[in-house]
Amino acid sequence: GNKSKRYTLTASGLGGVSECTAAICRPDGKEEKKLGIKQAYQTQNYWCWITCGQMIFDYYDVPSIADAYLKNANQKVEQWGFQCVIITVVLPTCGWGCDKCAWRGGWFHEQLKMLDEYPKKVNEFIDKGWIKHAKVKPLGGTYVERALTADEIKQEIDAKPKGRPIIAGVKPGAAAGVVQKAGLGKGSSHVVLITGYEQVEGGAMCIRVNDPWRYEPANDPYLKLGGTKNADGSYSIDYDTFTGKQGMDWVESIKEIAPK
């Protein structure tokens, strides 16, 4: 079947015999618990954090106001759409010129600010009659300077009334052969969104990751590390591999992402 399993791989060479144990994650496994979050890709090298925000806002039905700005405020945000609007709300110094902030990575306190302030701007547009939509709630979250445990991931994805995605700060660079250009929190160089998990035979866990970066197949760190690419563009990868320093090196997180 398509159930994920855990295997021990043995390799021999000039350096002797070595073993590693990892989960083989099957795409779209029947026993996987996943949130209905559509994959999105960053439109600028540094906008992984903004793209995670876009995916979260889509999930919580917080709409884009790009079209309303073009129509009612004569602002030129059409070049990058939703992501441009988000970054200019969070960083007014962009002056509604997204090219001025195309280089801009975001620290974790700015990501929390994004979750809170963008929905408030949406409500301003609703009050002005510029968009027709029910009022939305600002989103909150909790920053922790570490990876989440497997139990914490389950707690977030299984949360009621609606599972909560997780922002994960990672350092995929040298170990995966990929150099990212984000410059985010206290240790990470890139952020991704964890949107699901599957408990694997033997107690291991596979996690589902929506990564904003569009990798070339030859330099895809998930595939290099034994992960699989799902039909929707997300990845499934062994939890231990994702968190490990020789893997994606998950070092910081935002959990408890939900309406306030």
Side-chain angles (χ1 to χ4, degrees), residues 33-40 42 47-69 77 81-94 101 104-149 151-169 184-186 188 191-197 207-210 212 250-260:
K33 296 185 179 179
K34 58 185 178 181
L35 308 180
I37 297 181
K38 184 179 179 181
Q39 173 70 42
Q42 60 197 80
W47 284 7
C48 52
W49 63 293
I50 292 294
T51 311
C52 285
Q54 175 186 345
M55 290 188 278
I56 292 167
F57 293 138
D58 278 338
Y59 178 62
Y60 283 113
D61 194 26
V62 180
S64 171
I65 56 174
D67 290 343
Y69 255 110
V77 298
F82 199 168
Q83 292 175 29
C84 177
V85 170
I86 294 170
I87 198 168
T88 49
V89 168
V90 179
L91 302 173
T93 53
C94 296
C101 287
R104 186 62 156 78
W107 299 88
F108 271 82
H109 73 273
E110 291 173 323
Q111 294 177 55
L112 291 169
K113 179 182 177 183
M114 168 184 69
L115 297 175
D116 176 68
E117 292 194 358
Y118 178 74
K120 293 177 181 177
K121 179 62 71 173
V122 170
N123 285 336
E124 289 180 21
F125 275 46
I126 294 170
D127 290 340
K128 291 177 180 178
W130 288 2
I131 60 173
K132 293 183 178 180
H133 196 280
K135 283 289 192 73
V136 297
K137 292 183 178 180
L139 305 178
T142 302
Y143 169 75
V144 292
E145 196 177 350
R146 58 175 176 80
L148 299 192
T149 66
D151 284 343
E152 287 175 314
I153 292 173
K154 292 173 64 176
Q155 182 178 344
E156 294 299 304
I157 301 300
D158 294 343
K160 303 297 183 182
K162 187 173 185 175
R164 300 186 295 251
I166 303 157
I167 295 176
L184 296 170
K186 295 181 179 179
S188 60
V191 290
V192 302
L193 201 64
I194 295 175
T195 61
Y197 74 90
I207 57 175
R208 179 173 286 245
V209 181
N210 286 28
W250 181 5
V251 294
E252 48 193 345
S253 318
I254 296 178
K255 62 177 183 174
E256 298 171 344
I257 299 171
K260 293 182 177 180

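Looking at I166 and E156, their side chains come closer than 4.5 Å, going by heavy atoms from C-beta outward. Taking the side chain as every heavy atom from C-beta outward, Y118 and I65 approach each other to under 4.5 Å. Side-chain contact between F57 and P119: present, with at least one pair of heavy atoms (C-beta onward) separated by less than 4.5 Å. Under the 4.5 Å side-chain criterion, counting only non-hydrogen atoms from C-beta, K137 is not in contact with K260. Counting heavy atoms from C-beta on, the side chains of M114 and I50 come closer than 4.5 Å.
The heavy-atom pair separating A147 from E152 by the smallest distance is O-OE1, 4.4 Å. Of all non-hydrogen atoms in V136 and D61, the two that sit nearest each other are CG1-O, 3.7 Å. When all heavy atoms are compared, the tightest approach of N210 to I37 is ND2-O, 3.3 Å. Contact detail for L91 and E110: the closest heavy-atom pair is CD2-OE2, 3.8 Å. Heavy atoms only, all atoms of each residue included: W47 and I87 are closest at NE1-CD1, 3.3 Å. Between G169 and S188, the shortest heavy-atom distance links the atoms C-CB, 3.4 Å.
A donor-acceptor pair under 3.5 Å is absent between the side-chain atoms of Y143 and the main chain of Q111, judged by distance alone. At distances below 3.5 Å, not a single donor-acceptor pair connects side-chain atoms of T195 with backbone N or O atoms of P165. Here the side chain of K113 pairs a donor or acceptor atom with the backbone of V90 at under 3.5 angstrom.
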**Item:** Step-by-step side-chain hydrogen bond (donor to acceptor under 3.5 Å, both in side chains) determination, E256 to T142
**Value:** CA-CA 6 Å; E256 298 171 344; T142 302; 2.5 Å; yes

**Request:** May I have the step-by-step check of side chain to side chain contact (heavy atoms under 4.5 Å, CB included) for K135 and D127, ending in yes or no?
**Result:** CA-CA 9 Å; K135 283 289 192 73; D127 290 340; 2.8 Å; yes

**Message:** As a quick check of understanding, evaluate side chain to side chain contact (heavy atoms under 4.5 Å, CB included) for L193 and M55, giving each step before the final call.
**Reply:** CA-CA 8 Å; L193 201 64; M55 290 188 278; 3.9 Å; yes

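Partner of V191 under the side chain to side chain contact (heavy atoms under 4.5 Å, CB included) criterion, out of S253, P212, C52: C52 alone.
Ring-plane geometry between F125 and W130 is classed as perpendicular, the angle between the planes exceeding 60 degrees on a 0 to 90 degree scale with a lower cut at 30.
For D151, the side chain to side chain donor-acceptor pair (under 3.5 Å) test picks out no residue, with sequence neighbours left out.
Residues K120 and E117 are not paired through a salt bridge, judged by the lack of any N-O separation under 4.0 Å between the basic side chain and the carboxylate.
The distance from atom CD1 of I157 to atom NZ of K33, rounded to the nearest 0.5 Å, is 10.5 Å.
For the pair K162 and Y59, the cation-pi criterion (under 6.0 Å, within 45° of the ring axis) is fulfilled.
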